[in-house]
Amino acid sequence: MCKNCDLKPVYKTLNDKNLCKSCFIKYFEKKVLKIIRQYNLIEDKDEVFVGLSGGKDSMTCLYILDKYLKKMGRQIKALLINEGIEGYRNKTVEDAEKICKELKIHLKIVSLKKEFGKSIDDFYKNYKGRPCTPCGIFRRYLLNKYAREYGAAKLATGHNLDDEAQSIFMNQIKGNMALSAKLGPATGVLVHKKFIKRIKPLYFMTEKEVTVYAFLKRFPINYIECPYFHNTFRDNVGRMLNELEEKYPGTKQSIVKAFIEILPKLREQYQGEKIGTCKVCKEPAAKERCKACELLNRN
Ligand code: FES
Ligand code: ZN
């Protein structure tokens, strides 16, 4: 029975507490608001955009931020990048449009094909590297560029605890601690006037919790995955962590909690890393050209 009200439980927390539907929803939202306050993710006059994909994570993030900010008489906006992936993105775009219409949230859609002359499907026809990596680079590039052009102070994404544990592990395997210094509930070390700060309100929520929340809230979601995702580095690390979690419950949470403890030291070490401007598109870039221009061979 639910530990609070004796109703039928729908979820068992990591510390073995059973919760019914309404207690789970309360628990979930309370925890997200705590993350927002604890890390000061949203300040008073911030114009907040949510990077929406139409999946469960970003939809949950959108829903809770909207609820939270509406209470204060404020509004959020949503930004979606349509990468052009047949049979996948068109479906999630429809879902995103549905929820934005329902919640009366202004949604901006940016087409990767319009911006770069080719869709992700077109791009992958001649691409030999790991899929999903270029897509991530293009998506982050466009989210940052358009969030800024539309006047955002913060860009919220639906990254959850599982995503963060994967990123921490992936950087560890690659031996790239500078990349890890950029993780955390709010982006950190790189400063460039064209960078919009990113925030992750679902930072401590597990993938399972987000899935249950989205399901209970009946969000209009097709639970589909990017067709290119299978067997990528992230996919494999995710599977490995799932196996560990199964054997040792709480593994992912411990990874992220331990990481948060060392994050200030990491940031100290990589603080002030210089970031320049791409000579082609004038967006922030670590080298002469940004990663998007490199991938697209733009000179
Ligand atoms: Fe975009 Fe896989 S190609 S997420
Ligand atoms: Zn560029």
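Positions are given from 1 along the sequence. Just follow the structure's listing: the first ligand is 1, and inside any ligand the first atom is 1.
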Q: Heavy atom to atom 4 (S) of ligand 1, shortest distance: which of E83, R89, R139, R234 holds it?
A: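 Among E83, R89, R139, R234, the closest heavy atom to atom 4 (S) of ligand 1 comes from R139.
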Q: Do the side-chain N and O atoms of Y127 and D122 include a donor-acceptor pair separated by under 3.5 angstrom?
A: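 Not at all, the side chains of Y127 and D122 share no donor-acceptor pair under 3.5 Å.
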Q: Relative to the heavy atoms of I85, which atoms of ligand 1 are at a distance of less than 4.0 Å?
A: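 Counting from 1, the qualifying ligand atoms are 1 (Fe), 3 (S).
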Q: For T232 and ligand 1, answer yes if some heavy atom of the residue is under 4.0 Å from a ligand atom, otherwise no.
A: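 Heavy atoms of T232 never come under 4.0 Å of ligand 1.
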Q: Is there a chain of hydrophobic side chains (I, L, V, M, F, W, Y, each step under 4.5 Å between heavy atoms) that links L19 to L7?
A: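 They do not share one cluster, since no chain of ILVMFWY contacts under 4.5 Å joins L19 to L7.
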Q: Going by the angle between their ring planes, with limits at 30° and 60°, are Y228 and Y124 parallel, tilted or perpendicular?
A: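 If you compare the ring of Y228 with that of Y124, the planes turn out perpendicular.
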Q: Taking E164 first and then K252, would you say they form a salt bridge - that is, a charged N and a carboxylate O separated by under 4.0 Å?
A: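 Answer for the salt bridge query: no.
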Q: How about Y27 and Y213: are their ring centres within less than 6.0 Å of each other?
A: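 Not close enough - the centres of the two rings lie 6.0 Å or further apart.
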Q: For atom 1 (Fe) of ligand 1, find the nearest protein heavy atom and state the residue, atom name and distance (0.1 Å precision).
A: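 Protein heavy atom with the smallest distance to atom 1 (Fe) of ligand 1: C135 SG, 2.1 Å.
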Q: Provide the number and element of each atom of ligand 1 under 4.0 Å from a heavy atom of Y124.
A: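 Listed by number with element, the hits are 3 (S).
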Q: Does C132 bring an N, O or S atom to under 2.8 Å of atom 1 (Fe) of ligand 1?
A: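 Coordinating: no.
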Q: With heavy atoms of Y228 as the reference, note each atom of ligand 1 found under 4.0 Å away.
A: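 Every atom of ligand 1 under 4.0 Å from some heavy atom of Y228: 3 (S).
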Q: What does the angle at the Zn ion (ligand 2) come to, between atom SG of C278 and atom SG of C281, rounded to 10°?
A: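 The angle at the Zn ion (ligand 2) comes to 110°, rounded to the nearest 10°.
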Q: Considering only NZ, NE, NH1 and NH2 on the basic side and carboxylate oxygens on the acidic side, decide whether E294 and K287 come within less than 4.0 Å.
A: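 Yes, E294 and K287 are salt-bridged.
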